[in-house]
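Inspection log for the structure reproduced underneath, given as structure tokens.
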Amino acid sequence: MAQLFLSCFSDHPPSSVKPITVKNPCPVQDASFLSKILFWWFSGLVIKGYRSPLQAEDLWSLREEDTSDKIISDLEQEWTAECTKLQQQAGEVSECGVALGSRLTEQAQLLRKLQKEQSSGFCLLRTLARNFGPYFLSGTLCLMIHDAFMFSIPQVLSLLLGFMREEDAPLWKGYFYASLMFVLSCLQSVFNHQYMYSCFTVGMRVKTAVMGLVYRKSLVITSAARRTCTVGEIVNLVSADTQKLMDFVVYFNAVWLAPIEIALCLFFLWQHLGPSALAGIATVILIFPLNGFIAKKRSKLQEVQMKYMDGRIKLMNEILNGIKILKFYAWEKAFLEQVLGYRQRELKALKKSQILYSISIASFNSSSFLIAFAMFGVYVLIDDKNVLDAQKVFVSMALINILKTPLSQLPFAMSTTMQAMVSLKRLGKFLCQEELKTDSVTKTAFNSDGEAVVVDNGTFSWSREGPPCLKRVCMRVPRGSLVAVVGHVGSGKSSLLSAMLGEMEKRSGNVLVKGAVAYVPQQAWIQNATLRDNIVFGRERKESWYQRVLEACALLPDLEILPAGDATEIGEKGLNLSGGQKQRVSLARAVYRKADVYLLDDPLSAVDAHVGQHIFDKVIGPRGVLRDKTRILVTHGMSFLPQADLILVLVDGEITEMGSYLELLSRHGAFADFIRAFASSERKESSVQRGTRKSSSRLSMTDFMPVSRDLSQEQLIGGDTVSTSLQTMEPISDTDQDQTPEDLGKLTEVDRARTGRVKLEMYMEYFKTIGLALILPILFLYAFQQAASLTYNYWLSLWADDPIVNGTQLNTDLKLGVYGALGFAQGVAIFGTTVAISVGGIIASRHLHLDLLNNVLHSPMSFFECTPSGNLLNRFSKEVDAIDCMIPDGLKMMLSYLFKLLEVCIIVLLATPFAAVVILPLSLLYAFIQSFYVATSCQLRRLESVSRSPIYTHFNETVQGASVIRAFGEQPRFILQANHRVDHNQTSYFPRFVATRWLAVNLEFLGNGVVLAAAILSVMGKETLSPGIVGLAVSHSLQVTGILSWIVRSWTDVENNIVSVERVKEYADTPKEAAWTVETSALPVAWPQTGTIEFRDYGLQYRRGLEWALKGITLHIQEKEKVGIVGRTGAGKSSLALGIFRILEAAKGEIYIDGVNIAEIGLHDLRSRITIIPQDPVLFSGSLRMNLDPFDAYSDEEVWSALELAHLKNFVSGLPDKLNHECSEGGENLSLGQRQLVCLARALLRKTKILVLDEATAAVDLETDTLIQSTIRSQFEDCTVLTIAHRLNTIMDYTRVIVMDKGHIAETDSPSNLIAQRGHFYRMCREAGLV
């Protein structure tokens, strides 16, 4: 005893151990033995959480053995070893496969593929087991000890009831048995929770491990493999599949232990009832296959449901990425229908699955009754001499109640295991995808002489099987030279750079690169971080060099506009920078590096002409910052070619000519023709202007990133407008106009954790969606099923007390009949309630999802700019999923256990009314502990889900910028960041499951108090009580502990998941844009007929309190007029277009189109009748036809004629599926120029009277450019055309030019008159060399 007492105090760590300085360490490390067992070390946090809502700072830091560093470093080596073994096996198999090649049927190949996936899954399992097995086994030991105690309790109950029957037994025996039952129950609780604690700890480590592996893999995966899995799928691996593995760890032991427990139960039953126990076995055997069958059907349905859910999330992802296009074209309705189509099918599968589940729940909940009914029935009917007395009945009932746990766990454990196997297979498949070969590029240290880059006879392709896209490439680049790479769209220029970076599959030849590499991709990749972090990119900051870089890359003027200078936070994918700014930041990042070899993929395309010239002179050209470095520049700008040391001409993936500018001209080859063909247009437009070819919005092959939400690049919001003032997008109320300087640079709203308990309104909100018509029957059915159960249990106790006449009992048949009828009534009621709740849940989740979708799609553009898409996707996937499944399941459990608890209390009070004295204080204590717990648990849950979003955002970003991260060699830094984010999430996950254990242990001790009370009171009232009633009371009180912990668990589940309702509802209160259609306004069908536009004193602000983007614009545009809008960056060119489309509403004044005030008509009425060709061509995944005409409003002929005018007819008719050609996510499988032409075809198809052209042609090479310009001139001849021009030569023949300056119209007239006036326009033309 003394030793036990002493071990309850904590040992101080030995002084020799060097103290580890951790901020806020976890108290479990130096908790005492008793405190560890009862989880009292956790109480501090619970009390803190009860006093005030927990914050992230209050949480303990992770123990060292739980951190990503520790876990993954061990695991990674093992996994790599496993992987190489796997690949060798696969290699051996495939070699014999090649020999049999021709004879192998497709089926055999498919089988082989499946086998490979299976084996990779098992490999992963093996690796995880090796690392986490030992700790897991220690937990399993606790579980077995718990089982031993669990089975000894019914034996003690049997002794107690025997004591009740004996007339003259001494009282101390009774008290001894009563207290022994109490002690055994307590020990059982303690061991059970130690086991659960170890399971969850292992689960948490597995999650960390898998996330780390997936993240590291996503950095080295080849682009071919990258195409097979979208970002959505990778994020899904991290969110859904890791969750499945964690569940698997918790329930895995049940798979083998449950059958053993069932066998033991049946063995003890045999002792009591003899062979009749076999009847119980028969019942079990009948129930099982039924449930096995149901589980199988459900997993099939779940796969179907997951498929539709994946489809829905992928579509949502694209909608959020292309939301601007949807708004411009008024296409929201078409996509809304598509999403709802997926949702409809998803819910249909869910409904079927839930009804099947209800059958299995009903059969389980009545299983104890069915088994008892079969056993007692057979027992009584075999032989009249078989008498049911209290001892037999209630010990059997206690055993049957034990039997229920493994029975209910088994199918669940089975299905979790099945799901975990599927997830393991998916993870294994992803982790075994091909990796980029490190040897495809030989990297050597920098040396000062000779060539910097050598490619010898190289042939490259994007994937192993695919056709080579670069053939027979030979090039030697002398150190320090400037090499220009030119060629048409799609000739393989970007691929050439990718080959030098080692991003492509090398078929033959070799590549040598000397020194460090810096890379500027065609599509700038910007992180969600401050501008400074984006440029410094992990290097230490040297102030003077940093300033030089900013100056050279022309970023200083931009810093003046940004609210917080270079500390301004940039939204995800750079959405508060214009296309040109992003490109310059991307270039600055490369220049800051001081690398030796620079690979520049068309960095000058997105910037204005004079900026382009500045950058060329200051950075890339012979007098630039990089003059001593080796520069390989992909360009469309003719003007830079004379200054290049070497020019490579690419045609269809081959280098056809190389040499200096003059050499190539003198050869009279393709290059010379190319230059001459454009010399005529070159005279018209200055050489400088040529710099602005091919906009950055090209999603190059190297950026294998389907998700690119380049809102801003379209330069409509965030174009080179004043939009940099979009920064602080948080809606400002009138009161706090003066912002504190710290907030200035903030843009994206962090997913905030709400604090405090979930408000009652949320429950009301949820139940209101279900409707009263369903809620009343549900409650009635619950009350009915519990009443039936109470009656049949009481009936049993009466039966057990029946006097025995001549060794038999009277009318057993009647007793058995009544017992059976009551039991079956209960079963039917259970089925009814579960079905009703499921249906109610589905109704609610359908409504909530619909509201969420409508709210999001009706939000204005500004909402999408300050809400990270990760947050929105999280709402659509995680939160909607919780509302679909978690809440109804939690409610089912909670209600059934609450009513069950009520029943137990009634029975105990019936037997020993005096027990009220114990039950009342216990229930008060229970409520007290529960309220403590729920406050803390809810807050922990919220902190955990808030810290989950950044993990996904970071994943998303990394996958998109993988090629840049690799080129700069920054993988270790990103891996550290990912580790940090995962660890941050785990710090709030760890206390969450400890909280559940803390609660359960302490509650079960209370529950055991009820057992003690019932038993002791029965012993005291031995004279007056019959053994039947005592048996009933004690065997029921034994269930209390289980019921209590289940109630709290399901209660907190519901509490925690109802947060999802709160988060889905969150967007109901955000500002919405105007109505899509207005019933009252009777617009003529053909409006606008003439296409006149009139601005009356029109003013525009991006947000209240910011300066005006447009001030007092008054302007009248005649029908059929062609108007060019020009101006410096930030002059407000794009704001005009935003105003016409009402992407931003007028702050003052109005716009009339054909005499109709556009502010008075519905947004869709307006947007569907005017057309824009945006700067950034966005395509959605789906057929080409859907991309042109999502509403199916036009006939095939019309679509084909539009394609013909857009010069796409040949291309499309050459595709195997023609119009049904599947565009991949973001239109990846079309080149940028083709996508631009698709956007042109959209406009041609709509053929409205007003066309707004946001200089879309920056993305195409010269020939395509001429095509587009001529098409627009001929096809839109009788329309009003507004062109936002970056290059002046396109608008020289327009009827009128509007020169914008700082939100005013500086001058407006025909181009020739303006030049004559020698004003702004004349100066711009002179800079561009047009005059």
Side-chain angles (χ1 to χ4, degrees), residues 251 254-255 258-259 261-263 265-266 269 277-302 350-378 396-397 399-418 778 781-782 784-789 792-793 819-839 841 885 888-897 899-900 903 1039 1042-1043 1046 1050:
Y251 292 101
V255 175
E261 288 173 1
I262 293 170
C265 276
L266 294 172
L269 282 169
L278 290 173
I281 299 180
T283 328
V284 175
I285 290 172
L286 280 176
I287 293 176
F288 256 78
L290 172 74
N291 281 297
F293 170 71
I294 289 177
K296 206 165 186 162
K297 286 294 270 189
R298 281 192 70 207
S299 77
K300 281 256 179 9
L301 283 167
Q302 190 177 10
L350 181 70
K351 200 180 210 163
K352 281 185 193 158
S353 149
Q354 289 287 16
I355 287 172
L356 285 174
Y357 188 43
S358 305
I359 298 176
S360 80
I361 284 187
S363 68
F364 268 133
N365 282 350
S366 17
S367 62
S368 58
F369 155 76
L370 287 171
I371 296 169
F373 179 61
M375 285 206 262
F376 295 157
V378 172
S396 305
M397 287 308 274
L399 279 165
I400 289 172
N401 281 329
I402 289 182
L403 184 62
K404 271 183 81 166
T405 315
L407 273 184
S408 63
Q409 271 184 351
L410 234 178
F412 193 68
M414 295 279 196
S415 81
T416 326
T417 310
M418 296 307 287
I778 288 175
L781 280 168
Y782 266 116
F784 175 75
Q785 79 183 40
Q786 248 29 67
S789 154
Y792 80 66
N793 280 311
Y819 179 57
L822 287 168
F824 280 111
Q826 183 206 12
V828 173
I830 293 177
F831 177 67
T833 45
T834 46
V835 168
I837 288 188
S838 305
V839 171
C885 317
D889 286 356
L891 280 173
K892 276 177 218 168
M893 301 247 289
M894 188 171 87
L895 288 169
S896 62
Y897 284 114
F899 279 103
K900 187 99 179 123
E903 180 195 345
Q1039 295 175 48
I1043 292 173
W1046 274 111
S1050 49

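Residue numbers start at 1 and run along the sequence shown. Values below: all heavy atoms of this structure, side chains included; hydrogens, waters and symmetry mates excluded.
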task: Please name the pair of heavy atoms, one in Cys885 and one in Pro888, separated by the smallest distance, quoted to 0.1 Å.
output: O-CD, 3.3 Å
task: Return the set of residues passing side chain to side chain contact (heavy atoms under 4.5 Å, CB included) with Lys297 (not counting sequence neighbours), or none when no residue passes.
output: Phe293, Leu356
- request: Working to the nearest 0.5 Å, report the span between CD1 of Ile400 and CG of Leu370.
  value: 10.5 Å
Any Lys892 side-chain heavy atom under 4.5 Å of Ser838 side chain: yes
query: Relative to each other, are the rings of Tyr819 and Tyr792 parallel, tilted or perpendicular (30° and 60° limits)?
result: perpendicular
- request: Given side chain to side chain contact (heavy atoms under 4.5 Å, CB included), test Gln354 with Asp889 step by step and report yes or no.
  value: CA-CA 10 Å; Gln354 289 287 16; Asp889 286 356; 4.1 Å; yes
- line: Distance col, row Leu403:CG vs Leu266:CG, nearest 0.5 angstrom, shows 6.0 Å
query: Roughly how far apart are Lys296 NZ and Lys300 NZ, rounded to 0.5 Å?
result: 6.5 Å
Per-pair distances, 0.1 Å, donor-acceptor, side chain in residues 822-835, under 3.5 Å, sequence neighbours excluded:
from: Thr833; atom 1: OG1; to: Ala829; atom 2: O; distance (Å): 3.2
from: Thr833; atom 1: OG1; to: Ile830; atom 2: O; distance (Å): 2.6
from: Thr834; atom 1: OG1; to: Ile830; atom 2: O; distance (Å): 3.1
from: Thr834; atom 1: OG1; to: Phe831; atom 2: O; distance (Å): 2.9

- request: Kindly compute the distance separating CD1 (Ile837) from CG (Leu895), expressed to the nearest 0.5 Å.
  value: 5.0 Å
query: What pairs with Ala295 under side chain to side chain contact (heavy atoms under 4.5 Å, CB included), at least two apart in sequence or on another chain?
result: none
field: Counterpart residues, side chain to side chain contact (heavy atoms under 4.5 Å, CB included), relative to Ala277 (two or more places apart)
entry: Leu269, Trp270, Met375
- prompt: Can you list the residues that meet the side-chain hydrogen bond (donor to acceptor under 3.5 Å, both in side chains) rule with Glu903, with sequence neighbours excluded?
  reply: Gln786, Ser789, Asn793
field: Heavy-atom pair of closest approach, residues Ala279 and Ala374
entry: CB-O, 3.8 Å
message: If the condition is ring pair (Phe, Tyr, Trp, His ring centres under 6.0 Å), which residues does Phe784 pass it with, not counting sequence neighbours?
response: none
- line: Between the OG atom in Ser896 and the CG atom in Leu891, the distance rounded to the nearest 0.5 Å is 10.5 Å
message: Quick one, Thr283 with Leu286, criterion side chain to side chain contact (heavy atoms under 4.5 Å, CB included). Give me CA distance, side-chain angles, the key distance, then yes/no.
response: CA-CA 5 Å; Thr283 328; Leu286 280 176; 5.6 Å; no
- request: Output all residues satisfying ring pair (Phe, Tyr, Trp, His ring centres under 6.0 Å) with Tyr782, sequence neighbours left out; order by chain, then residue number.
  value: Phe899
field: Partner set under side-chain hydrogen bond (donor to acceptor under 3.5 Å, both in side chains) for Ser367, not counting sequence neighbours
entry: none
- request: Can you establish whether the number of heavy atoms outside Met893 located under 6.0 Å from its atom CE is more than 12?
  value: yes
task: Please name all residues satisfying side-chain hydrogen bond (donor to acceptor under 3.5 Å, both in side chains) with Ser396, sequence neighbours left out, ordered by chain then number.
output: none
- request: State which residues pass side chain to side chain contact (heavy atoms under 4.5 Å, CB included) with Ser299; sequence neighbours excluded, sorted by chain then number.
  value: none
message: Checking Gln1039 now: which residues fulfil side-chain hydrogen bond (donor to acceptor under 3.5 Å, both in side chains) with it, not counting sequence neighbours?
response: none
